[in-house]
Novice: 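Dropping a structure here in C-alpha cells format, bear with me for questions.
Values below: all heavy atoms of this structure, side chains included; hydrogens, waters and symmetry mates excluded. Residue numbers start from 1 in every chain, and the chains themselves are labelled A, B, ... in the order their sequence lines are given, proteins ahead of strands.
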Number of protein chains: 2
Amino acid sequence: MRLTKFTDYSLRVVIYLARHPDSLATIADIAREYDIPSTHLMKVVHRLAQCGYILTVRGKGGGMRLARTPDLINVGDLVRDTEDNMDIAECFSPDHQSCPMLPACALKSVLVEARKSFLATLDFYRLSDIMGGATPSLVAPLHQAHGTFAPPSPGKKKRTS
Amino acid sequence: MRLTKFTDYSLRVVIYLARHPDSLATIADIAREYDIPSTHLMKVVHRLAQCGYILTVRGKGGGMRLARTPDLINVGDLVRDTEDNMDIAECFSPDHQSCPMLPACALKSVLVEARKSFLATLDFYRLSDIMGGATPSLVAPLHQAHGTFAPPSPGKKKRTS
DNA sequence: TACTAAGATATATTTTACATGTATCTATTG
DNA sequence: CAATAGATACATGTAAAATATATCTTAGTA
C-alpha cells in the first residue's frame with residue numbers, strides 16, 4: 001500500500017512553496033532541490049494549478065506560488081486531488097458485480113471505512129502543520145496525537161480555516 | 001492507493017474458508033469460485049499457512065481449512081501480514097536521509113499516523129464480521145459505524161477474542 | 001508399490017500502472 | 001525577437017506485481 005510519487009511530489013511542491021513564500025519558484029528550482037525529474041514535476045504542477053492549490057506564471061521570470069496561505073491548504077484534500085486511483089481492492093471496480101459472495105460480503109464496506117479513516121487523519125492536518133521550521137503552526141497537534149490519535153470529538157473534522 | 005491482489009486474494013481465501021467450514025477446500029476450489037489464477041493462489045495459501053491463519057493438508061484428499069474460528073481472525077492483522085510494502089511514500093525508504101527538509105518536515109509522521117488509522121479501522125473487524133451470511137457475527141458493529149467511525153473509546157482497539 | 005491428487009518451492013515470464021522522456025506550443029519579459 | 005517560463009501531447013522505460021511453468025514432496029488409495 002503506497003501513494004504514487006505523483007502524490008508524494010505534489011506534497012513536496014506545496015511544502016517547498018510554503019517554505020519559500022517570498023518569490024516565484026520554478027519547476028527547475030524544485031526539481032533541483034529534491035533531485036527529482038522536472039518532466040514529472042511538470043505534470044504535478046499542472047495538476048496543482050488546475051486544482052487551485054498554486055498559481056502559475058508563464059514566461060520569463062515566471063514560476064509558481066501558493067494560491068492560498070499554508071493554513072488554508074488541507075493535506076487530505078490535496079491527497080484526494082492528486083492520488084487518482086483510490087480503489088483499494090478489486091471489488092471497488094465497477095465490473096466486479098459477479099463476486100459470488102455478494103451481497104452478504106462486507107469486505108468492501110470495511111475497506112471503504114478504513115480508507116475513510118486514512119483520509120480523515122490527513123484531513124486533520126494543514127500544510128502549515130507539516131511544512132516545518134519557517135512558519136510555525138498556529139496550533140501544534142502533531143506530536144501530541146501520536147499513536148493515540150483521537151478524532152476531534154464532535155463536529156467538523158477538517159481544519160482548513 | 002491500493003492493496004495488492006495478493007492481499008485481496010488472501011482475504012477472499014479466508015472468507016471462503018469461513019463460509020465452508022465443514023470440509024477441506026483445495027486451491028482449485030477457491031480459484032474456480034472467484035475465477036482467479038490458481039498459480040497465484042498457491043503463494044497466497046502458502047503465506048497464510050506460514051502466518052498461522054490456515055492449516056494445510058498435503059496429498060490426495062488434502063486441502064486447507066481455517067486454523068482458528070472466524071471470530072479469532074483479525075482483518076488488520078491479516079492485511080499487515082500479507083501486504084508487504086507498507087511504505088506509503090518515498091521518505092519511508094531507509095536511503096532517504098538526504099531530504100532537504102529534514103528534520104523539520106512533519107510529512108512522514110502525518111503519513112504514519114494516517115496509515116495507523118487505516119489499520120486501526122481494520123483491526124476493529126474480525127473475519128466473522130465480514131464473511132457475511134452463513135455464520136452471523138456475534139456483535140454487529142458494521143453498519144452502525146459507517147461514515148462516522150469512532151474508535152472504541154478508551155482501551156483496547158483490537159477485537160480478536 | 002505404484003498411481004494420483006494435493007500442497008511446497010523455485011524460477012521464469014508477462015502485464016501494467018506508474019514514472020520518465022521528448023518535442024512542440026504558448027505566454028511573458030526585457 | 002530572443003530568452004525563459006509553463007502547457008500540452010505523445011512516446012518510452014521500468015519496476016513491482018501478477019501469472020505461468022516445472023519440479024519436488026507428501027499422503028491417500030487401489
Novice: Taking atom C1' of D:dA17 as reference, at what distance in whole Å does atom CG of B:Asp8 sit?
Specialist: 13 Å
Novice: Output the rounded distance in Å from CZ (A:Arg65) to C1' (D:dA5).
Specialist: 16 Å
Novice: Please determine, by modelled atom types, if B:Thr82 and B:Thr7 share a side-chain donor-acceptor pair under 3.5 angstrom.
Specialist: yes
Novice: Kindly work out whether a path of hydrophobic side-chain contacts (I/L/V/M/F/W/Y, heavy atoms less than 4.5 Å apart) joins A:Val57 to A:Leu41.
Specialist: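 Shared cluster, no.
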Novice: Determine, for nucleotides 15-27 of chain C in 5'-to-3' order, which nucleotides have protein heavy atoms under 4.0 Å from the base (write B), from only the sugar-phosphate (write S), or from neither (write -).
Specialist: ---SSBBB---BB
Novice: For the residue pair B:Asn74 and B:Asp123, what are the closest heavy atoms and their distance?
Specialist: ND2-O, 2.7 Å
Novice: Counting only pairs under 3.5 Å, give me each side-chain donor-acceptor contact of residues 21-33 of chain A, with atom names and distances, residues two or more places apart or in other chains.
Specialist:
residue : atom : partner : partner atom : Å
A:Thr26 : OG1  : A:Ala28 : N            : 3.4
A:Thr26 : OG1  : A:Asp29 : N            : 3.0
A:Thr26 : OG1  : A:Asp29 : OD1          : 3.3
A:Thr26 : OG1  : A:Asp29 : OD2          : 3.2
A:Asp29 : OD2  : A:Thr26 : N            : 3.0

Novice: Tell me: CD of B:Glu90 to C1' of D:dA16, nearest whole Å?
Specialist: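 Those two atoms, CD and C1', are 15 Å apart.
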Novice: In whole angstrom, give the distance that lies between atom CD1 of A:Ile54 and atom C1' of D:dA7.
Specialist: 12 Å
Novice: Determine whether the side chains of B:Glu113 and A:Thr121 contain a donor N or O and an acceptor N or O closer than 3.5 Å.
Specialist: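 Result is no, nothing qualifies.
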Novice: Rounding to a whole Å, what distance do you find between A:Leu55:CG and D:dA5:C1'?
Specialist: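 From A:Leu55 CG to D:dA5 C1': 15 Å.
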Novice: Could you tell me whether the phosphate oxygens of D:dA5, OP1 or OP2, come under 4.0 Å of any side-chain nitrogen or oxygen in A:Thr56?
Specialist: no
Novice: Mind checking whether B:Phe124 and A:Val110 have side chains closer than 4.5 Å, heavy atoms only?
Specialist: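 Counting from C-beta outward, B:Phe124 and A:Val110 never come under 4.5 Å.
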Novice: What is the separation between atom CE on A:Met64 and atom C1' on D:dA7, rounded to the nearest whole Å?
Specialist: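 Answer to the nearest Å: 12 Å.
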Novice: Students often get this wrong, so: under 4.0 angstrom with heavy atoms, is B:Leu24 touching a base, only sugar-phosphate, or nothing?
Specialist: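 Nothing, no nucleic acid heavy atom in range.
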Novice: Find the distance B:Gln50:CD to C:dT9:C1' and express it as a whole number of Å.
Specialist: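 Distance check: B:Gln50 CD to C:dT9 C1' gives 11 Å.
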